[in-house]
Amino acid sequence: MDYLADERKKAEFDVDEMKIVWAGSRHAFEVSDRISKLVANDPGFRKDTRTMLARKELFKNTLRKAAYAWKRIHDLHLSEEEASRLRFYVDEPAYTDLHWGMFVPAIKGQGTDEQQKKWLPLAYKMQIIGCYAQTELGHGSNVQGLETTATFDPQTDEFVIHSPTLTSSKWWPGGLGKVSTHGVVYARLIINGEEHGIHGFIVQLRSLEDHLPLPGVTVGDIGMKFGNGAYNTMDNGVLRFDHVRIPRNQMLMRVSQVTRDGKYKQSDVPRQLVYGTMVYVRQTIVADASCALSRAVTIATRYSAVRRQFGSQNGGPETQVIDYKTQQNRLFPLLASAYAFKFVGEWLTWLYNDVTQRLQASDFSTLPEAHACTAGLKSLTTTATADGIEECRKLCGGHGYLCSSGLPELFAVYVPACTYEGDNTVLLLQVARFLMKTVSQLGSGKKPLGTISYMGKIEHLMQSRCTVQKAEDWLKPSQVLEAFEARAVKMAVSCAKNLSKFTNPEEGFAELSADLVEAAVAHCQLIVVSKFIDKLQQDIPGKGVKQQLEALCGIYYLYLLHKHQGDFLATSYLTPKQAALANDQLRALYTKVRPNAVALVDSFNYTDHFLGSILGCYDGNVYPKLYDAAWKDPLNDSVVPEGYHEYVRPLLKQQLHTAKL
Ligand SMILES: CCCCC/C=C/C(=O)SCCNC(=O)CCNC(=O)[C@H](O)C(C)(C)COP(=O)(O)OP(=O)(O)OC[C@H]1O[C@@H](n2cnc3c(N)ncnc32)[C@H](O)[C@@H]1OP(=O)(O)O
Ligand SMILES: Cc1cc2nc3c(=O)[nH]c(=O)nc-3n(C[C@H](O)[C@H](O)[C@H](O)COP(=O)(O)OP(=O)(O)OC[C@H]3O[C@@H](n4cnc5c(N)ncnc54)[C@H](O)[C@@H]3O)c2cc1C
């Protein structure tokens with residue numbers, strides 16, 4: 001029985017067409033749909049007991065699943081696209097994520113043609129397994145502060161990789177702890193006593209025969225992490241080198257080279273390309289944020305439609321909690337954000353591909369913008385997604401706290417995204433630097449392009465005032481864009497003015513960093529809003545699909561406007577009356593979206609296996625499933641628990657002279 005059937009009947013749009021919009025294309029939808037069902041129907045990919053397993057058992061199970069996934073990929077002759085979808089739907093962090101997600105891209109991006117030819121075929125066949133070993137015990141954010149050394153030995157034509165201090169131990173790389181045979185290791189290059197900064201080196205860590213660490217390598221897992229199951233399926237590792245020698249040609253030499261006679265040569269590509277893998281991964285993290293958020297939102301929306309509390313009239317049913325305006329005000333902006341992040345993710349992938357093509361043609365002009373966009377959007381979307389998952393847990397009341405809701409594990413797996421690939425505050429400070437540089441160049445005749453082109457309208461934006469007179473005026477895209485542009489430009493200019501009061505700009509930057517982070521957030525929110533609006537300019541087929549997306553877009557920007565009202569009012573773009581009208585319009589949009597809410601989450605097309613949540617199951621049959629699951633918990637294997645006779649019975653039987661019962 002479908003307990004959500006009535007909700008589904010209320011939908012005012014074509015759900016199948018929305019599924020295609022969400023997937024990105026009909027082809028992408030068909031691949032995703034087929035592969036997600038393949039995984040869901042295969043008992044080899046079960047994950048329902050994951051949160052109850054002890055670490056060793058959990059980890060072994062992950063190794064089994066990764067090997068099984070690889071076998072299925074081969075047996076079924078899956079394409080690269082299908083294989084990556086399969087790994088996604090298996091939904092278990094594993095060493096393979098780092099192998100495919102960072103090790104291979106690092107070699108592709110930073111290796112010469114010759115190096116790619118040698119290493120990539122081995123990696124593609126998984127004859128070697130690699131990790132990305134950058135972070136150390138003492139330094140993560142400050143990449144220039146890494147201490148591992150790679151000293152060139154001209155006698156033997158080798159680099160000597162060494163960990164000179166405890167804090168130089170590599171610490172955190174995923175897949176390193178127990179599995180990787182190789183790593184792209186970042187170290188400070190030293191030639192003839194002279195330092196040349198941080199470079200990547202391919203280093204073999206373990207024997208391909210017996211998996212033992214090679215001489216001079218000390219390696220292990222760093223220990224349990226936050227949450228049950230969750231990211232503990234990953235072997236984040238610690239690694240030390242004691243004068244480990246590698247051939248010279250294992251330095252990744254696309255950006256700079258060391259010659260046989262020990263000369264350091266820089267190609268005519270910017271030094272920052274050494275950071276290229278991080279730019280690539282940040283872009284993938286943005287593209288994935290919508291998946292994690294939409295998953296949590298699916299659970300919270302379906303459950304909010306099933307759950308009833310209060311409001312029974314004349315013995316009728318109680319109110320569905322989704323009908324409470326407070327629930328809508330917490331849930332619908334997250335639903336809207338999931339769609340917003342999907343579209344900005346698609347756009348960022350386009351930007352990344354564009355900058356990659358330009359780099360190949362030696363056009364480096366858009367690299368700073370690509371860095372600022374990937375850094376800023378990674379920060380914005382992961383912060384909102386992690387907070388959003390936790391909010392979804394609260395939206396499910398007490399039952400959200402059960403592991404069987406799927407939400408605690410989803411949060412525990414997702415929340416490190418706010419830290420890895422760059423701490424979110426550190427990344428926003430990079431955006432702020434980019435904005436300050438842009439503002440300082442405004443008078444120079446250099447026209448701001450791309451996502452900062454609005455800065456070119458600075459004179460107009462500094463003067464302009466909002467013209468909204470009634471709530472519906474807030475549905476005009478041009479009005480909304482101007483509001484977000486004016487806020488972003490005014491916050492950036494205010495920071496630049498305050499910075500100019502400092503004689504030492506770095507001191508000023510440090511002192512004003514909290515304001516600079518807020519200016520960076522305003523800029524990034526403008527990007528997300530403008531890409532959602534751009535999406536709506538496209539031809540979107542399907543009955544009612546575009547109307548629903550327009551409503552969600554409105555909810556996204558009006559919610560932001562309400563939340564950051566202080567910014568908009570302080571920069572004098574809005575009056576309090578206009579802010580109140582925005583809020584009226586926001587409530588009207590909640591009413592519009594309410595009958596479509598369940599269908600809007602059905603459009604994500606997630607299987608029950610992928611959701612891994614009793615509260616979010618498709619048929620909404622929550623209570624019997626929760627009840628049955630409780631009895632399956634290992635603690636209920638026996639009626640009298642282990643330990644009763646040792647620890648509880650003696651208490652019950654004790655003779656206390658003070659208490660006579
Ligand atoms: C499959 C998913 C699983 C994920 C598992 C997780 C993996 C990891 O976490 S891997 C480790 C990731 N680590 C980080 O992300 C470290 C974060 N830190 C940095 O990226 C950098 O150190 C920094 C950007 C915070 C600072 O760089 P630094 O060189 O020390 O300093 P500057 O600020 O002076 O920058 C110089 C110059 O370079 C520009 N720039 C910085 N990064 C990039 C980049 N990635 N691409 C292009 N350009 C970059 C920066 O804007 C400066 O430019 P100018 O102002 O024009 O000089
Ligand atoms: C689950 C997980 C997986 C990871 N996987 C990998 C991997 O595969 N490979 C790898 O190399 N690394 C990996 N990492 C490491 C990760 O990239 C770093 O932890 C991350 O870059 C943050 O660096 P940090 O730990 O040095 O934080 P810190 O920089 O020490 O941050 C601590 C605090 O200081 C603040 N802070 C730091 N600098 C500044 C500043 N300049 N201004 C203002 N505030 C500042 C931060 O905002 C934060 O609040 C992983 C980490 C995690 C948690």
Side-chain angles (χ1 to χ4, degrees), residues 84 87-88 93-106 109 130-146 148 167 170-177 180 183-186 197-198 200 222 225-227 230-237 239 255 269-285 287-288 352 355 359 364 366-376 378-379 382 412-438 440-441 506 509-510 513-514 516-517:
S84 118
R87 281 192 288 272
F88 172 77
Y95 66 89
T96 43
D97 298 353
L98 277 300
H99 175 79
W100 295 108
M102 293 204 79
F103 180 70
V104 168
C131 63
Y132 184 88
Q134 183 175 296
T135 307
E136 296 175 355
L137 193 54
H139 293 93
S141 298
N142 179 8
V143 178
Q144 299 297 328
L146 297 179
T148 305
T167 47
K170 293 291 171 190
W171 190 271
W172 270 119
L176 167 68
S180 294
V184 169
V185 173
Y186 285 81
I198 301 299
I222 58 170
K225 290 150 292 196
F226 181 71
Y231 216 76
N232 290 300
T233 54
M234 184 70 84
D235 52 330
N236 294 94
L239 167 67
V255 178
V269 299
R271 177 184 71 79
Q272 286 89 343
L273 282 191
V274 172
Y275 299 154
T277 313
M278 291 188 277
V279 175
Y280 163 74
V281 180
R282 286 171 194 153
Q283 165 257 311
T284 64
I285 290 174
D288 285 347
Y352 179 79
V355 77
L359 294 178
F364 309 115
T366 58
L367 186 60
E369 192 203 3
H371 167 50
C373 286
T374 47
K378 183 273 182 185
S379 174
T382 56
V413 167
Y414 193 79
V415 73
C418 297
T419 305
Y420 62 52
E421 267 333 312
D423 167 84
N424 279 354
T425 300
V426 170
L427 293 185
L428 285 174
L429 289 169
Q430 289 288 305
V431 179
R433 276 192 193 279
F434 174 69
L435 292 177
M436 292 306 100
K437 211 170 182 175
T438 307
S440 73
Q441 289 171 347
E506 282 310 312
F509 198 87
S513 56
L516 284 158
V517 160

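Start at 1 and go down the list; that is how both ligands and their atoms are numbered.
Under a 4.0 Å heavy-atom criterion, S141 is in contact with ligand 1. Not a single heavy atom of G174 sits closer than 4.0 Å to an atom of ligand 1.
Within the 4.0 Å heavy-atom criterion, neither part of L427 lies near ligand 1. Proximity of Y132 to ligand 1, defined as any heavy-atom pair under 4.0 Å, is confined to the side chain (atoms from C-beta onward).
Scanning the protein for heavy atoms near atom 27 (O) of ligand 1, the closest one is Y275 OH, 3.8 Å. Among all non-hydrogen protein atoms, the one lying nearest atom 20 (O) of ligand 1 is R282 NH2, 3.1 Å. Here the protein heavy atom with the shortest distance to atom 26 (C) of ligand 1 is Q430 NE2, 3.7 Å.
If you check each of V281, D97, D423 against atom 2 (C) of ligand 1, the one with the closest non-hydrogen atom is V281.
Close approach of ligand 1 to V279 is summarised as follows: ligand atoms under 4.0 Å from at least one heavy atom of the residue are 44 (C), 45 (N), 46 (N). Here is the list of ligand 1 atoms found below 4.0 Å of a heavy atom in M102: 7 (C), 10 (S). The V143 neighbourhood of ligand 1 comprises atoms 16 (C), 18 (N), 19 (C), 21 (C), 22 (O), with distances under 4.0 Å to a heavy atom of that residue.
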Can you pull every nitrogen or oxygen pair between ligand 2 and the protein closer than 3.5 angstrom?
from, atom 1, to, atom 2, distance (Å)
ligand 2, 8 (O), G174, N, 3.0
ligand 2, 9 (N), Y132, O, 2.8
ligand 2, 11 (O), Y132, O, 3.4
ligand 2, 11 (O), Q134, N, 3.0
ligand 2, 11 (O), T135, N, 2.8
ligand 2, 11 (O), T135, OG1, 3.1
ligand 2, 12 (N), T135, OG1, 2.7
ligand 2, 23 (O), S141, N, 3.3
ligand 2, 23 (O), S141, OG, 3.4
ligand 2, 26 (O), G140, N, 3.0
ligand 2, 26 (O), S141, N, 3.2
ligand 2, 29 (O), S141, OG, 2.5
ligand 2, 47 (O), D423, OD1, 3.3
ligand 2, 47 (O), D423, OD2, 2.6

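The side-chain heavy atoms of L359 and V269, taken from C-beta on, include no pair separated by under 4.5 Å.
Checking atom 45 (N) of ligand 1 against the protein gives a heavy-atom contact under 4.0 Å.
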